K.L.:
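Let me begin by handing over the structure; questions about it come next.
Lettering follows sequence order; numbering is per chain, from 1. What you see is a predicted model; the values in this text were computed from it and never measured.
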2 protein chains.
Amino acid sequence: MDGADARERALDAAERLFYARGVKSVDMDDIRAASGVSLKRLYQVFPAKERLVEACLERRDVQWRARLAAYVDGRTEPQERVLAVYDWLREWFGEDGFRGCAWINAYGELGATSEAVAAQVRAHKEAFRGYLGALVADAGLPAALTGPLFLLAEGAMVRAGVTGSTDPAAEAREAARVLLSRSR
Amino acid sequence: MDGADARERALDAAERLFYARGVKSVDMDDIRAASGVSLKRLYQVFPAKERLVEACLERRDVQWRARLAAYVDGRTEPQERVLAVYDWLREWFGEDGFRGCAWINAYGELGATSEAVAAQVRAHKEAFRGYLGALVADAGLPAALTGPLFLLAEGAMVRAGVTGSTDPAAEAREAARVLLSRSR
DNA sequence: TGGAGCGGAGAACGGTCGTTCTCCATCTGG
DNA sequence: CCAGATGGAGAACGACCGTTCTCCGCTCCA
């Protein structure tokens with residue numbers, strides 16, 4: 001196992017554990033046990049737990065947005081592409097072990113004490129909002145729609161996380177559809 | 001200082017500190033120092049930190065919903081009462097030290113490890129959603145509007161918490177107004 | 001006035017956890 | 001086959017923190 005391999009294994013294990021149990025209730029030995037990467041190597045690659053947390057959020061951001069974009073790219077009609085965001089949310093909400101939005105959760109846990117984490121949450125949410133804004137623009141819809149569409153998506157993530165249901169995605173989709181049709 | 005007074009002082013200090021810094025980064029001695037209630041008395045009233053956390057959330061739930069209801073009761077026209085929720089959100093978001101929704105934050109920090117906290121978050125959100133549903137019914141609007149209106153409010157809380165801006169409240173209000181008018 | 005109890009300050013205890021260190025087995029090149 | 005490097009297992013260290021305990025001063029009533 002070389003350094004890059006150890007890094008991936010550590011990130012896989014850490015991301016899974018942090019998301020499932022929260023950052024502070026996972027200790028470095030849990031990550032060692034789950035990843036098979038020794039503590040010595042872990043600290044060679046990530047000099048502190050906080051670096052590991054940040055690397056997890058960073059990698060997850062890239063992957064999350066890529067998965068969303070790949071799903072949306074399965075649609076061609078511009079307004080359908082906007083609504084596809086909510087269809088993808090429903091798929092995400094239905095995944096095993098779904099526990100809400102990792103960034104919203106991280107903000108609740110660490111946002112007040114780690115400026116680095118708070119900044120990553122802001123960056124992730126801005127990136128998502130920017131993507132939504134691009135879909136809105138591509139559909140020739142007014143830019144003012146982006147805000148409400150984003151709020152519906154955020155609200156759906158929170159409610160799905162708290163209740164464990166996928167329904168909020170459908171609710172948000174229907175509300176989005178009404179707002180879109182209203183703008184025609 | 002009697003027991004009831006100590007309880008109130010402890011709750012005041014704990015709620016403020018927990019909200020500002022997160023539960024896990026506030027220790028019992030911080031609460032003792034901020035409240036002036038000795039550790040011995042603190043543990044007489046709340047036998048464990050977790051009980052104190054739960055008591056904070058419980059009291060805050062009652063107060064939060066009372067403040068919202070008092071604001072809404074300043075309006076008489078039924079549809080205006082629905083929209084008043086978002087006006088109140090804007091006031092809340094603008095308060096000094098606003099750091100997002102305490103329940104969403106608590107869910108992110110403790111939801112995965114404390115079933116009691118998770119249940120309180122669900123209960124609070126259901127209560128808020130139920131109140132919104134009653135406003136919708138009183139306005140003679142279709143019950144199906146409640147879901148989207150709730151998601152807009154939740155999304156606004158998250159975005160306001162992360163960005164520190166009050167704008168999400170106005171965005172949510174405008175989207176809500178469109179959804180309402182669309183249902184006439 | 002005195003002793004009995006109440007309450008506060010803060011030390012102490014026990015457990016947890018981030019981080020580092022020790023020791024040993026296994027490789028590698030000569 | 002050997003000297004040195006590498007890396008793993010897990011002990012050790014030090015800090016933090018929830019919770020309890022000790023000690024002492026105060027009060028209150030007989």
Side-chain angles (χ1 to χ4, degrees), chain A residues 1-58 105-106 108-117 120, chain B residues 1-57 105-106 108-117:
Chain A
M1 188 191 308
D2 64 0
D5 190 14
R7 182 184 166 87
E8 285 306 301
R9 287 194 198 202
L11 286 173
D12 289 342
E15 187 182 325
R16 185 165 44 79
L17 292 173
F18 288 159
Y19 181 64
R21 290 156 42 187
V23 170
K24 293 210 188 172
S25 53
V26 173
D27 64 35
M28 294 299 277
D29 202 59
D30 293 330
I31 294 165
R32 178 202 57 77
S35 67
V37 176
S38 73
L39 280 180
K40 192 187 246 179
R41 175 94 75 170
L42 260 183
Y43 277 94
Q44 276 170 7
V45 181
F46 303 102
K49 189 185 184 185
E50 201 177 337
R51 296 291 94 69
L52 178 55
V53 173
E54 291 159 17
C56 281
L57 288 176
E58 202 172 309
N105 292 348
E109 182 173 5
L110 305 169
T113 51
S114 164
E115 183 45 43
V117 168
Q120 282 197 60
Chain B
M1 188 191 308
D2 64 0
D5 190 15
R7 182 184 166 86
E8 285 306 300
R9 288 194 198 202
L11 285 173
D12 288 343
E15 186 182 327
R16 186 165 45 79
L17 292 173
F18 288 160
Y19 180 64
R21 290 157 41 187
V23 171
K24 292 210 189 174
S25 52
V26 172
D27 63 36
M28 293 299 278
D29 202 58
D30 293 331
I31 294 165
R32 178 202 58 77
S35 66
V37 176
S38 73
L39 280 180
K40 192 187 244 179
R41 175 93 75 167
L42 260 183
Y43 277 94
Q44 278 171 6
V45 182
F46 304 102
K49 188 185 184 185
E50 201 177 337
R51 295 293 92 70
L52 178 54
V53 173
E54 291 158 16
C56 281
L57 288 176
N105 292 348
E109 182 172 4
L110 305 168
T113 50
S114 164
E115 183 45 44
V117 168

K.L.:
Identify, with sequence neighbours excluded, every residue that meets side-chain contact (heavy atoms from CB on, under 4.5 Å) alongside B:A34.
P.N.:
B:A13, B:R16, B:L17
K.L.:
Can you tell me the distance, in whole Å, between the CG atom of A:L42 and the C1' atom of C:dC17?
P.N.:
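Those two atoms, CG and C1', are 14 Å apart.
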K.L.:
Let me see the working for A:D12 and A:R9 under salt bridge (charged side-chain N to carboxylate O under 4.0 Å, His left out), right down to the final yes or no.
P.N.:
CA-CA 5 Å; A:D12 289 342; A:R9 287 194 198 202; over 6 Å; no
K.L.:
What pairs of nitrogen or oxygen atoms, one from the protein and one from nucleotides 24-26 of chain D, lie under 3.5 Å apart?
P.N.:
none

K.L.:
C:dG18 P sits how many Å from A:R51 CZ, rounded?
P.N.:
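The distance from CZ of A:R51 to P of C:dG18 comes to 14 Å, rounded to the nearest Å.
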K.L.:
For the residue pair B:K49 and B:K24, what are the closest heavy atoms and their distance?
P.N.:
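So the two residues come closest at NZ-CA, 4.2 Å.
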K.L.:
Given atom CZ of A:R32 and atom C1' of D:dA9, what is their separation to the nearest angstrom?
P.N.:
8 Å
K.L.:
Taking salt bridge (charged side-chain N to carboxylate O under 4.0 Å, His left out) as the definition, give me every residue that meets it alongside A:E58, ordered by chain and number, with sequence neighbours left out.
P.N.:
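Per chain and number, A:E58 pairs via salt bridge (charged side-chain N to carboxylate O under 4.0 Å, His left out) with no residue.
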K.L.:
Backbone N or O of A:A116 within a donor-acceptor pair of the A:E54 side chain at under 3.5 Å?
P.N.:
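Not at all, since once roles are kept as given, no pair shorter than 3.5 Å links the two residues.
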K.L.:
When you check every protein heavy atom under 4.0 Å of nucleotides 15-21 of chain D, what one-letter string (B, S, -) results, 5' to 3'?
P.N.:
--SSBB-
K.L.:
Not counting sequence neighbours, which residues clear side-chain contact (heavy atoms from CB on, under 4.5 Å) with B:T113? List them please.
P.N.:
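side-chain contact (heavy atoms from CB on, under 4.5 Å) check on B:T113 returns A:S25.
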K.L.:
One pair to check against side-chain contact (heavy atoms from CB on, under 4.5 Å): A:M28 and A:R32. What are the steps and the verdict?
P.N.:
CA-CA 6 Å; A:M28 294 299 277; A:R32 178 202 57 77; over 6 Å; no
K.L.:
Whole Å only: how far is the CZ atom of A:R41 from the C1' atom of D:dA9?
P.N.:
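So the two atoms are 14 Å apart, to the nearest Å.
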K.L.:
Once you round it to whole Å, what is the distance between P of C:dG18 and CG of A:L17?
P.N.:
12 Å
K.L.:
If I take atom CD in residue A:Q44 and atom C1' in nucleotide C:dT19, what distance separates them, rounded to the nearest angstrom?
P.N.:
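Those two atoms, CD and C1', are 13 Å apart.
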K.L.:
For A:A55, what residues pass the side-chain contact (heavy atoms from CB on, under 4.5 Å) criterion, not counting sequence neighbours?
P.N.:
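In terms of side-chain contact (heavy atoms from CB on, under 4.5 Å), with neighbours along the sequence ignored, A:A55 is linked to A:R7, A:L11, A:F46.
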